[in-house]
Amino acid sequence: MSTDLVLLARAADYAARQHIAQRRKGERAEPYVNHLIEVAALLAEATDGSDVVLLMGGLLHDTLEDTDATYDDLVERFGPEVASLVAEVTDDKSLPKEERKRLQIEKTLAKSRRAKLLKIADKTSNLRGLITSPPVGWTGARLRDYVVWANDVVQSCRGLNPRLEAAFDEAHEKASRHFGCQ
Ligand code: ZN
């Protein structure tokens with residue numbers, strides 16, 4: 001029996017249930033779980049499927065920020081390593097949005113290797129989504145701001161995984177061209 005596969009399937013099932021009513025902000029309003037699976041797939045490919053904690057973190061990375069899951073729930077179901085990885089990539093929602101964005105740039109450098117890889121995969125998925133399904137109501141300026149900001153956050157995550165960075169760079173370049181960033 002592969003314990004890793006059982007854990008991974010359990011994390012996918014839990015993530016899908018937790019985010020069941022949520023949709024992505026894009027005009028296509030994709031089910032939220034598509035984003036989570038894309039992030040996990042990016043991480044799996046970049047690490048040759050060698051790190052199940054990282055993949056589970058990818059599937060669960062928005063559960064603390066966007067659902068009623070608690071840190072203790074994650075510890076109980078998936079263990080302290082996965083729970084603390086998710087906590088590391090969770091913004092403090094009590095802070096204003098701009099402050100949270102600034103902190104992501106400032107604090108990412110000191111985070112763990114796994115948290116940095118997860119950030120790169122998350123931003124890659126988000127940038128791809130901006131092109132294929134831009135959020136309704138976002139102006140060109142707001143879209144460009146996001147593209148620049150995502151790249152600023154990823155600058156603090158570099159030097160760990162060339163394959164993942166290449167996937168990000170491709171998404172970033174496409175988005176920059178698409179939205180006319182300088
Ligand atoms: Zn995300």
Side-chain angles (χ1 to χ4, degrees), residues 1-20 22-24 26 28 30-67 69-91 104 107-133 150-175:
M1 183 177 98
S2 165
T3 313
D4 283 0
L5 278 182
V6 173
L7 286 169
L8 194 63
R10 220 182 267 163
D13 180 52
Y14 181 74
R17 287 171 199 277
Q18 284 299 113
H19 293 277
I20 196 162
Q22 258 177 281
R23 299 248 159 196
R24 293 287 278 167
R28 289 185 187 166
E30 301 93 334
Y32 202 84
V33 72
N34 285 49
H35 165 65
L36 305 172
I37 292 173
E38 183 179 19
V39 167
L42 278 162
L43 293 169
E45 276 166 29
T47 59
D48 291 321
S50 61
D51 186 351
V52 74
V53 170
L54 178 62
L55 302 197
M56 289 165 76
L59 290 169
L60 299 166
H61 77 271
D62 283 323
T63 50
L64 293 181
E65 203 164 297
D66 295 333
T67 81
T70 66
Y71 182 81
D72 289 342
D73 292 337
L74 296 183
V75 172
E76 196 180 313
R77 286 166 187 271
F78 306 109
E81 254 187 324
V82 171
S84 63
L85 174 57
V86 175
E88 259 195 290
V89 297
T90 299
D91 283 352
Q104 277 206 35
K107 299 240 166 138
T108 299
L109 191 61
K111 291 194 186 290
S112 70
R113 178 177 177 281
R114 281 180 176 139
K116 288 179 179 173
L117 295 178
L118 218 165
K119 283 271 175 210
I120 302 177
D122 190 29
K123 299 297 185 257
T124 303
S125 167
N126 287 344
L127 287 181
R128 288 176 177 175
L130 283 196
I131 299 175
T132 55
S133 175
N151 192 47
D152 286 345
V153 174
V154 166
Q155 291 314 309
S156 311
C157 306
R158 289 192 180 269
L160 297 170
N161 188 300
R163 229 184 291 172
L164 192 55
E165 285 178 43
F168 174 82
D169 288 338
E170 191 187 330
H172 178 254
E173 202 182 301
K174 269 192 194 156

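The structure displayed is predicted, hence computed values, not measured ones. Throughout, residue positions are numbered sequentially from 1 according to the sequence presented. The figures that follow rest on heavy atoms only: side chains count, while hydrogens, waters and symmetry mates do not.
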Please test T132 against R128 for side-chain contact (heavy atoms from CB on, under 4.5 Å), starting from the C-alpha separation and ending with a verdict.
CA-CA 6 Å; T132 55; R128 288 176 177 175; 5.5 Å; no
Quick one: sort the H35 and Y32 rings into parallel, tilted or perpendicular, breaks at 30° and 60°.
perpendicular
By the definition side chain to side chain contact (heavy atoms under 4.5 Å, CB included), identify the one residue from Q104, K116, E65, H61 that meets it with V89.
H61
Grab the two heavy atoms, one from P80 and one from Y71, that are nearest each other, plus how far apart they are.
O-OH, 4.3 Å
Rounded to the nearest 0.5 angstrom, the CD-CZ distance for E88 and R114 is 10.0 Å
Would L164 and L42 count as a side-chain contact (heavy atoms from CB on, under 4.5 Å) if you check the C-alpha gap in whole Å, the side-chain angles of each, and the deciding distance to 0.1 Å?
CA-CA 7 Å; L164 192 55; L42 278 162; 4.2 Å; yes
Can you measure from CD (Q18) to CG (L64) and round to the nearest 0.5 angstrom?
9.5 Å
For the atom pair OG1 (T124) and CG (D169), what is the distance rounded to the nearest 0.5 Å?
8.5 Å
Assess whether a salt bridge exists between R163 and E45, defined as any Lys/Arg side-chain N lying under 4.0 Å from an Asp/Glu carboxylate O.
no
Can you tell me how far apart CG (L117) and CG (L85) are? Round to the nearest 0.5 Å.
9.5 Å
Let me see the working for L59 and L8 under side-chain contact (heavy atoms from CB on, under 4.5 Å), right down to the final yes or no.
CA-CA 9 Å; L59 290 169; L8 194 63; 3.9 Å; yes
Check: N161 side chain, A46 main-chain N or O, donor-acceptor pair, under 3.5 Å:
yes
Show, in sequence, the C-alpha distance, side-chain angles and deciding distance for N151 and F168, and conclude whether the side-chain contact (heavy atoms from CB on, under 4.5 Å) test is met.
CA-CA 9 Å; N151 192 47; F168 174 82; 3.4 Å; yes
Check this for me, if you would: do R77 and D13 make a salt bridge, where the nitrogen-to-carboxylate-oxygen distance has to be below 4.0 angstrom?
no
Kindly check if the number of other-residue, nucleotide or ligand heavy atoms within 6.0 Å of NZ (K111) is above 12?
yes
Measuring from atom CD of E165 to atom CD1 of I120, what distance do you get when rounded to the nearest 0.5 angstrom?
5.0 Å
Any side-chain donor paired with an acceptor under 3.5 Å for E38 and S125?
yes
Taking every non-hydrogen atom, the tightest pair across V153 and C157:
O-SG, 3.6 Å
Kindly compute the distance separating CG (L118) from CG (L60), expressed to the nearest 0.5 Å.
9.5 Å
Between S133 (side chain only) and R28 (backbone N and O only), is there a donor and an acceptor less than 3.5 Å apart?
yes
The single option from L55, N34, D122 that satisfies side chain to side chain contact (heavy atoms under 4.5 Å, CB included) with V39 is D122
Checking D62 against H19: is there a side-chain donor and acceptor pair closer than 3.5 Å?
no
